[in-house]
Amino acid sequence: MSDIQIVGAPAGVEGAGFFATSLDKAVGLARANSLWPLPFATSCCGIEFMATMASHYDLSRFGAERLSFSPRQADLLMVMGTIAKKMGPVLRQVYLQMAEPRWVMAVGACASSGGIFDTYSVLQGIDEVIPVDVYVPGCPPRPEAIIDGFMGIQELVKTETLRRRNEPQYQQLLASYGIQ
């Protein structure tokens, strides 16, 4: 047979005709399977992302059917490719325009660490300007790696508590980037 995994119910109490769980788990499950990614693609990683969205790999199977090209309607920022230092403020502004909760995925070696471009003009990883939740390695990463990174974001979203964004540790992280 196949190894298809169907999204299971969160941990809870089951009975005849009812199911009970915590609100955190139910909301996490709903959020994880309805992410609206905003692709910020500048280089060859963007081409691999296009392949990931195409019919052979089909990222929409994971609940990312609708790409959002407006930061105000997106909750996952997927940064793919080389980011020049002049693009840093633009990337930061896009991140700040996204509503909470928001997550960031750095796709490829260039977005994660500057890649082979160790020059004065290339940002050596987007984590210099915004916090990153998941890094996807590769130059460029295969669509399978992008899907694996997306599934990592889904797991993070699923297990995150509703109050995490208000906790002191998260506030300190944002303050370290100058974000209030």
Side-chain angles (χ1 to χ4, degrees), residues 23-24 27-28 30-46 48-49 52 59 62-64 66-141 145-180:
L23 181 63
D24 279 0
V27 169
R31 280 183 180 167
N33 293 295
S34 62
L35 292 170
W36 286 6
L38 183 143
F40 194 95
T42 60
S43 301
C44 44
C45 290
E48 291 297 319
F49 176 70
T52 306
L59 192 63
F62 300 93
R66 182 193 179 279
L67 292 180
S68 177
F69 295 97
S70 168
R72 289 178 175 83
Q73 296 175 351
D75 46 17
L76 171 62
L77 179 59
M78 297 176 72
V79 182
M80 299 164 269
T82 310
I83 304 297
K85 286 187 178 176
K86 285 187 176 184
M87 286 296 291
V90 174
L91 179 62
R92 181 181 168 92
Q93 182 177 358
V94 168
Y95 175 78
L96 292 174
Q97 288 177 347
M98 294 172 66
E100 285 282 0
R102 58 187 172 214
W103 298 275
V104 178
M105 188 163 77
V107 178
C110 292
S112 299
S113 65
I116 60 171
F117 306 106
D118 190 12
T119 64
Y120 70 94
S121 62
V122 174
L123 201 60
Q124 298 302 301
I126 63 167
D127 55 2
E128 291 185 6
V129 291
I130 58 174
V132 176
D133 296 300
V134 171
Y135 295 89
V136 177
C139 183
I146 296 173
I147 289 173
D148 187 57
F150 188 82
M151 290 171 67
I153 289 281
Q154 282 184 314
E155 194 58 37
L156 177 72
V157 171
K158 199 181 300 182
T159 58
E160 182 178 88
T161 66
L162 296 177
R163 294 181 182 87
R164 176 183 170 248
R165 305 291 168 151
N166 297 326
E167 291 176 359
Q169 182 181 6
Y170 186 74
Q171 296 301 322
Q172 285 176 334
L173 174 68
L174 290 182
S176 70
Y177 286 93
I179 300 170
Q180 295 302 327

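Side-chain atoms are counted along with the backbone in the values below, which use heavy atoms only and exclude waters and symmetry mates.
- Counting heavy atoms from C-beta on, the side chains of Gln124 and Val122 come closer than 4.5 Å.
- Scored by the salt bridge (charged side-chain N to carboxylate O under 4.0 Å, His left out) test, Arg66 finds no partners at all (sequence neighbours excluded).
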List the steps and the verdict of side-chain contact (heavy atoms from CB on, under 4.5 Å) for Glu167 and Thr161. CA-CA 10 Å; Glu167 291 176 359; Thr161 66; 4.0 Å; yes

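- When atom types are taken as modelled, the side chain of Asp133 and the backbone of Val104 share a donor-acceptor pair closer than 3.5 angstrom.
- Side-chain contact check for Glu160 and Tyr170: no donor-acceptor pair (N or O, by modelled atom type) lies under 3.5 Å.
- Distance check, rounded to the nearest 0.5 Å: CE of Met87 to OG1 of Thr82 gives 11.0 Å.
- Of all non-hydrogen atoms in Leu123 and Gly88, the two that sit nearest each other are CD2-CA, 4.5 Å.
- In this structure, the side chains of Leu35 and Trp103 come closer than 4.5 Å at one or more pairs of heavy atoms.
- A pairwise comparison of heavy atoms in Ala41 and Gly46 identifies CB-CA, 3.6 Å as the closest pair.
- Residues Ala74 and Met98 approach most closely at O-CE, 3.7 Å, considering heavy atoms.
- Counting heavy atoms from C-beta on, the side chains of Leu67 and Pro37 come closer than 4.5 Å.
- Atom CG of residue Leu59 and atom CE of residue Met151 lie 10.5 Å apart, to the nearest 0.5 angstrom.
- The two residues Phe49 and Met80 make their nearest non-hydrogen contact at CB-SD, 3.3 Å.
- Taken from CE in Met105 to OG in Ser112, the straight-line distance is 10.0 Å, to the nearest 0.5 Å.
- Here the closest heavy-atom approach between residue Gly108 and residue Pro141 is recorded as CA-CD, 3.8 Å.
- Closest of all the heavy-atom pairs between Gly81 and Cys45 is N-CB, 3.8 Å.
- By the 6.0 Å contact criterion, CD on Gln169 is open, its count of non-hydrogen atoms from other residues, nucleotides or ligands being 12 or less.
- At a threshold of 4.5 Å between non-hydrogen side-chain atoms, the residues Pro71 and Tyr95 do not count as touching.
- Using a 4.5 Å cut-off on side-chain heavy atoms (C-beta onward), Ile83 and Thr42 make contact.
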Checking Leu91 against Leu77 for the side-chain contact (heavy atoms from CB on, under 4.5 Å) test, could you report, in this order, the C-alpha distance in whole Å, the side-chain angles of both residues, the deciding distance, and whether it holds? CA-CA 10 Å; Leu91 179 62; Leu77 179 59; 3.9 Å; yes

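- Of the possible donor and acceptor atoms, one in the side chain of Arg92 sits under 3.5 Å from a partner among the backbone N and O of Tyr177.
- A 4.5 Å side-chain heavy-atom check between Ile153 and Met78 finds every atom pair outside the cut-off.
- Annotation for Gln97: atom CD counts as buried by contact number, over 12 foreign heavy atoms lying within 6.0 Å.
- Atom CD of Glu128 sits about 10.5 Å away from atom OG of Ser113, to the nearest 0.5 Å.
- Residue Glu100 holds its CD atom at 9.0 Å from CG of Asn166, rounded to the nearest 0.5 Å.
- Atoms CD1 and SG, on Ile116 and Cys110 in that order, are 6.5 Å from each other to the nearest 0.5 Å.
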